[in-house]
There are 2 protein chains.
Amino acid sequence: MSVHSLKLAPQDCGDCPIRHRAVCSRCDGPELARLEEMKYYRSFQAGQNVVWSGDRMDFVASVVSGIASLTQTMEDGRRQMVGLLLPSDFVGRPGRGVAPYDVTATTDLVMCCFRRKPFEEMMSSTPHVAQRLLEMTLDELDAAREWMLLLGRKTAREKIASLLAILARRDTGLKAKAAKGPISFDLPLTREEMADYLGLTLETVSRQMNALKRDGVVELGEKRRIVVPNFDRLAEETGDDSDGGFLS
Amino acid sequence: MSVHSLKLAPQDCGDCPIRHRAVCSRCDGPELARLEEMKYYRSFQAGQNVVWSGDRMDFVASVVSGIASLTQTMEDGRRQMVGLLLPSDFVGRPGRGVAPYDVTATTDLVMCCFRRKPFEEMMSSTPHVAQRLLEMTLDELDAAREWMLLLGRKTAREKIASLLAILARRDTGLKAKAAKGPISFDLPLTREEMADYLGLTLETVSRQMNALKRDGVVELGEKRRIVVPNFDRLAEETGDDSDGGFLS
DNA sequence: CCTTTCATTTGATCCTGATCAAAGTAATCG
DNA sequence: CGATTACTTTGATCAGGATCAAATGAAAGG
């Protein structure tokens with residue numbers, strides 16, 4: 001069981017992510033009350049599809065627990081993951097009624113949903129909500145562009161290291177870098193999902209994971225447990241600048 | 001000289017893209033008047049840098065004529081283009097003071113700029129401006145994710161075909177698909193820039209361009225002129241679904 | 001507990017695109 | 001106009017990762 005599911009029980013929404021990230025971290029006004037009324041939960045089992053590319057998508061949502069992925073597929077089956085949604089991430093596109101890619105529950109998943117229409121109305125009458133959404137979308141765009149660099153120019157080993165670093169940071173709440181000691185987390189993805197994330201095959205992922213293990217960069221424990229003895233060492237393997245992420 | 005520069009003389013801003021795309025396609029209120037006062041122009045020569053990654057970026061802007069590119073670079077020089085800005089595209093990130101990637105004038109370039117602070121103030125007092133920006137950012141995010149599929153899973157030939165199709169569509173105003181006849185446009189990118197866009201080397205780009213030529217998919221005229229005798233034929237080479245782009 | 005299924009590892013071989021090198025073209029400038 | 005510089009093509013070789021194949025390991029279910 002991933003640590004994520006411990007963050008927040010779906011019944012207890014006092015700390016619901018939508019409140020903190022998606023909508024309004026700055027106020028407690030009537031908008032929030034309206035949102036509270038509107039919201040509802042949906043659960044999915046690991047592997048279950050949330051929406052298919054091309055489907056109508058009449059809601060927006062925030063991930064409460066678990067992990068969802070956005071993937072694009074070509075006719076012949078080649079697949080590329082284009083988004084990985086962790087708890088507190090936002091899904092859905094105000095103003096767009098059709099999903100442009102598949103959304104899948106990678107692990108057991110709980111989402112906090114809002115029907116799209118009323119959410120959009122709320123948005124237009126509440127300026128800073130649109131601004132908050134814009135901010136989040138810009139973050140996602142930054143992430144997508146980082147990801148493009150990874151896909152286009154990094155070696156297989158660098159790709160793997162980058163993904164592990166991203167997951168480690170997310171799972172330990174960004175303080176992984178600061179912490180000097182070893183950190184560990186549960187890999188939420190299969191080799192195949194990692195391959196779809198990285199633009200590789202699962203065989204290459206497996207080989208490179210073991211290469212990193214052989215070189216002492218990571219330890220692969222039981223049941224997908226990953227131990228990173230030295231985060232800086234892992235960061236060196238990513239090919240990124242050491243000072244990544246001092247954006248204002 | 002690219003056809004783009006003919007679209008709009010920078011002095012004549014009655015048709016300034018910022019008006020139509022970036023800010024407000026729905027109104028003519030006082031916001032527009034305020035914007036008109038704020039705006040100013042900047043010109044860059046082909047090859048000139050607009051901002052470096054990590055620089056302060058105190059303005060947002062709309063491309064009036066020419067082409068700008070966003071690129072990310074690794075320490076060892078590997079480069080990946082992560083954005084290609086054509087006329088009417090928006091650059092800049094409300095709320096962020098630092099550029100996360102290099103912005104370069106790929107051709108001679110004219111941008112219509114607004115200082116960031118006053119623009120942001122205008123945004124917060126004018127709800128639908130933030131909404132419009134959100135919409136544009138979502139479009140960019142879609143484009144980025146399409147691009148990720150290209151980088152992660154397409155073959156060199158498919159990558160080239162995809163890029164040519166994108167440029168053809170943009171240059172002919174989306175009606176390329178409908179048009180049954182041959183279409184043509186000027187390639188605004190060198191082989192090296194195409195390579196940076198596609199995650200390839202320039203040699204591979206050159207070879208695949210000539211392969212497409214040999215196979216009659218495109219004709220390479222003088223001075224970077226590209227002729228596409230049959231757009232559907234080109235589209236087949238991209239690996240994309242034939243019905244790409246019926247988003248609501 | 002055994003069977004079935006799914007995930008991962010490992011091996012052998014192949015192929016696409018990278019790399020290294022050089023020649024050919026086109027644009028620029030004194 | 002000739003020389004320099006930038007861009008493009010072409011060739012030869014190499015290597016990283018894909019593909020095909022099979023074995024191993026771990027989880028799930030009757």
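The basis for the numbers below is simple: all heavy atoms, side chains too, and nothing from hydrogens, waters or symmetry mates. In what follows, every chain begins at residue 1, and chains take the letters A, B, ... in the order their sequences are listed.
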Using salt bridge (charged side-chain N to carboxylate O under 4.0 Å, His left out) as the criterion, list what pairs up with B:Arg224, not counting sequence neighbours.
->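 Not a single residue meets the salt bridge (charged side-chain N to carboxylate O under 4.0 Å, His left out) criterion with B:Arg224.
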Contacts of type side chain to side chain contact (heavy atoms under 4.5 Å, CB included), residue [X], not counting sequence neighbours:
X	value
A:Ser69	A:Thr71, A:Met81, A:Leu84, A:Thr104, A:Thr106
A:Thr137	B:Leu134, B:Thr137, B:Leu138, B:Leu141
B:Arg42	B:Tyr40, B:Phe44, B:Phe59, B:Cys113

The helix from C:dC1-D:dG30 to C:dG30-D:dC1: angle between its terminal axes, five pairs each, to 10°?
->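 Angle reported: 40°, given to the nearest ten degrees.
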Which pairs pass side chain to side chain donor-acceptor pair (under 3.5 Å) with one or both residues in residues 202-216 of chain A, sequence neighbours excluded?
->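 Applying side chain to side chain donor-acceptor pair (under 3.5 Å) to every pair that reaches into residues 202-216 of chain A, excluding sequence neighbours, yields A:Arg157-A:Asp215, A:Thr201-A:Thr204.
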What salt bridge (Lys or Arg N to Asp or Glu O under 4.0 Å) pairs are there with at least one residue in residues 57-70 of chain A, not counting sequence neighbours?
->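 Output for this query lists A:Arg56-A:Asp58.
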The complete set of salt bridge (Lys or Arg N to Asp or Glu O under 4.0 Å) pairs with one or both residues in residues 145-155 of chain A, sequence neighbours excluded, reads A:Arg145-B:Glu140, A:Arg153-B:Asp196, A:Lys154-A:Asp240
Any residue meeting side-chain hydrogen bond (donor to acceptor under 3.5 Å, both in side chains) with B:Ser43, in chain and number order, not counting sequence neighbours |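 With neighbours one apart ignored, the set is empty.
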Which ones in residues 149-161 of chain B lie close to DNA chain C, meaning a heavy atom under 4.0 Å from one of its atoms?
->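 Contacts with DNA chain C under 4.0 Å: B:Thr155, B:Ala156.
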Which protein N or O atoms sit under 3.5 Å from an N or O of nucleotides 5-9 of chain C?
from	atom 1	to	atom 2	distance (Å)
C:dT8	OP1	A:Arg224	NE	3.2
C:dT8	OP2	A:Arg191	N	2.7
C:dT9	OP1	A:Arg191	NH1	3.2
C:dT9	OP2	A:Arg191	NH1	2.5
C:dT9	OP2	A:Ser206	OG	2.8
C:dT9	O5'	A:Ser206	OG	3.3

With a 4.0 Å cut-off (strictly under) to non-hydrogen atoms of chain B, the first and last hit nts on DNA chain D, 5' to 3', are D:dC7 to D:dA12
